[in-house]
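Below: one structure, written as C-alpha cells.
Quick note: numbers below take in every heavy atom, side chains included, and nothing from hydrogens, waters or symmetry partners.
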Amino acid sequence: MKAKRLWPCMLAMLPFGAAAGLAAQTNAPALPDTPITLTLVARGLDHPWSLQFLPDGRMLVSERPGRLRIIRADGGMSDPVTGLPEVAGGGQGGLLDVLLARDFAESGLIYFSYAEPRGDGTNATAVARARLTLTAAGGNLGPVSVIFRQQPAIASAAHFGSRLVWGRDGTLFITLGERYSMRDSAQDLATDLGKVVRITPDGGIPPDNPFVGQPGKQGEIWSYGHRNSQGAAVDPATGALWMTEHGAMGGDELNIIRPGGNYGWPLVTYGTDYDGTAIGIGTAAPGLEEPLYYWNPSIATSGLAFYEGDLFPAWRGHVLVGGLAGQTLQRLDIGNGTVRGVEVVLNRARAGVVTGGGSMRVRDVRVAPDGSVMVLTDEADGRLIRITPQ
C-alpha cells in the first residue's frame, strides 16, 4: 500500500512547541537472563486474545473467533460461555479484550471488546458489558449491553485495537485502531479512528475529557494519532496510562499517554511502509509526542503489564511487553524516564520446553495474584504458559 500524501494543512493544525519529553530511545542494553521455570497450563485455545483472573482462582480467556472459556488452575477448560453477541470474525477481527468490573465479586459484570458487524458489510470495534454467571460447565452472559461503538464503521478486517483498562478514577480507557486503510483519520478528531477514548462504566463521557464541548471533536477522545494499540496498562505508581502500538515496517512504540496528546501517526513514525517507502514527514516533529521507546525491527507488540508481584522482586516496577511477529516476551527495566535495559524473558527457543518448538506469538501477558506471569500465545493451538522463578 502506497504512503498517502499528508497535506500542508494537516501540519498547520499541529500545536506549536517541542515534542514532549526526551528523544525516543531504542536498542537498550541487554539484561542477563532470569532463571525461570515454564509450565504449560493449557493448550488447544483458538487464537486466544485476553486473560483475566477470577476471584475463585479460575481464569477467563477470550478466543478471537467469538468464544469465552473458563480455565481451571490445573488447565481444565470449560465449554464456551453462552450469550455472547455476533462478532465479525476474520483477519484481525473477532472477540478481543475482556475485563472484569472493579466490583466483579459483587456485580458479576464483565466488559469485552469485539469487532461488531454493523449489518451493511461494515464493522468496527465495540465494547459491551454483561453479567457473567458461572456454572459447573462454564458460564452464561446476560443481558448484554453495548456501551461504546467506534465511529465510523468501515469494511475492513484490520486494526481494531483494542485493550480495555480501568483508570484509577474508575473511568474506562479503550484503545482503537485506525482500520489500516483510514490511517489519515488518526489525526481527525471528528472520528474515533486511531484514538484512545475514555468513558464511564455505563458509556457516558467524563466531563474532564480534553475535547469535551469543542465543535467538531468527539468528547470521548483522550489521545490521538495512534496506529493500532494492542497493549495497555495503568502505571501503579503514577496512575498514567501506558500503551504499546504496532508500527508498520518497524517503529513499534511504547508510549506514556497524556490527555489531549497527539502521538503522531501517520505524520511521524520510526518505521517505513510495507513497500519500503517513507511515511509522513520523518521520525519526529514539534508538537507531537515522542515514544518512550521504539522497536526497529518491529516485534509486533501485543500485551503490556507492570510487574508488582513477589515472585520476582528484581522485576518490580518493570514493564512486560509481548511480541507477535517477534515471538517474544520482553522485560524493560525503566528508571528516571529511560529504558535502562531489556531482557528477552521468552523467545521461541527458550519456550521450546513447553511448546515443542511451536509458535511463541505472544498475544497477552498478565501478572497473576500469586506473582507468576501468565502468557497467551496466538495460534490455532493457543497455549497458556505460566512463568515462575527457577
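- Tested against His159, the residues Glu178, Arg179, Arg183 include a single side chain to side chain donor-acceptor pair (under 3.5 Å) partner, Glu178.
- Applying the ring-ring contact (aromatic ring centres under 6.0 Å, His included) definition to pairs two or more places apart or across chains, those involving residues 240-265 are His226-Tyr263, Trp242-Phe306.
- Between the side chains of Gln218 and Tyr224, no donor N or O sits under 3.5 Å from an acceptor N or O.
- Scored by the salt bridge (Lys or Arg N to Asp or Glu O under 4.0 Å) test, Glu63 finds Arg67, Arg69 as partners (sequence neighbours excluded).
- Ser298 and Ala300 make their closest contact through OG-N, 3.0 Å (heavy atoms, listed as atom of the first residue, atom of the second, distance).
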Using residues 93-101 as the side-chain source, report each donor-acceptor pair under 3.5 Å to any protein atom, sequence neighbours left out, with the distance given to one decimal.
| from | atom 1 | to | atom 2 | distance (Å) |
| --- | --- | --- | --- | --- |
| Asp97 | OD1 | Ser50 | OG | 2.5 |
| Asp97 | OD1 | Arg163 | NH1 | 3.2 |
| Asp97 | OD1 | Arg366 | NH2 | 3.3 |
| Asp97 | OD2 | Leu164 | N | 2.7 |

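- Listed for the Lys195 side chain is a donor-acceptor partner under 3.5 Å among the backbone atoms of Asp188.
- No side-chain donor-acceptor contact under 3.5 Å links Ser223 to the backbone of Ile257.
- A donor-acceptor contact under 3.5 angstrom links the side chains of Arg363 and Gln230, judged on distance only.
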Atom pairs and distances, side-chain donor-acceptor, residues 149-156, under 3.5 Å, sequence neighbours left out:
| from | atom 1 | to | atom 2 | distance (Å) |
| --- | --- | --- | --- | --- |
| Arg149 | NE | Glu116 | OE1 | 3.0 |
| Arg149 | NE | Glu116 | OE2 | 3.0 |
| Arg149 | NH2 | Glu116 | OE2 | 3.0 |
| Gln150 | OE1 | Thr125 | N | 3.3 |
| Gln150 | NE2 | Gly177 | O | 3.1 |
| Gln150 | NE2 | Asp192 | O | 3.3 |
| Ser156 | OG | Ala158 | N | 3.1 |

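- For residues 52-61, every residue pair satisfying the side chain to side chain donor-acceptor pair (under 3.5 Å) rule, not counting sequence neighbours, is listed here: Asp56-Arg58.
- Under a 4.5 Å side-chain heavy-atom criterion applied to ILVMFWY residues, the cluster that includes Val344 comprises that residue alone.
- Of the candidates Leu311, Ile36, Leu38, Asp370, Leu311 is the only one forming a side chain to side chain contact (heavy atoms under 4.5 Å, CB included) with Thr388.
- Checked against salt bridge (Lys or Arg N to Asp or Glu O under 4.0 Å), Asp235 has no partners two or more places apart in sequence or in another chain.
- By the ring-ring contact (aromatic ring centres under 6.0 Å, His included) test, Trp222 pairs with Phe173, sequence neighbours left out.
- Checked against ring-ring contact (aromatic ring centres under 6.0 Å, His included), Trp315 has the following partners two or more places apart in sequence or in another chain: Tyr307, Phe312.
- In this view, Phe148 satisfies the ring-ring contact (aromatic ring centres under 6.0 Å, His included) rule with no residue, not counting sequence neighbours.
- Applying the ring-ring contact (aromatic ring centres under 6.0 Å, His included) test to pairs two or more places apart or on separate chains, those with a residue in residues 89-133 are Tyr111-Trp166, Phe112-Tyr114.
- Legend: residues meeting ring-ring contact (aromatic ring centres under 6.0 Å, His included) with Phe160, ordered by chain and number and at least two apart, are absent.
- Distance alone, capped at 3.5 Å, is enough to place a donor-acceptor pair between the Asp252 side chain and the Ile299 backbone.
- Judged by distance alone, the side chain of Asp333 and the main-chain N or O of Val339 form no donor-acceptor pair under 3.5 Å.
- A donor and an acceptor atom, one from each side chain of Asn209 and Arg198, are located under 3.5 Å apart.
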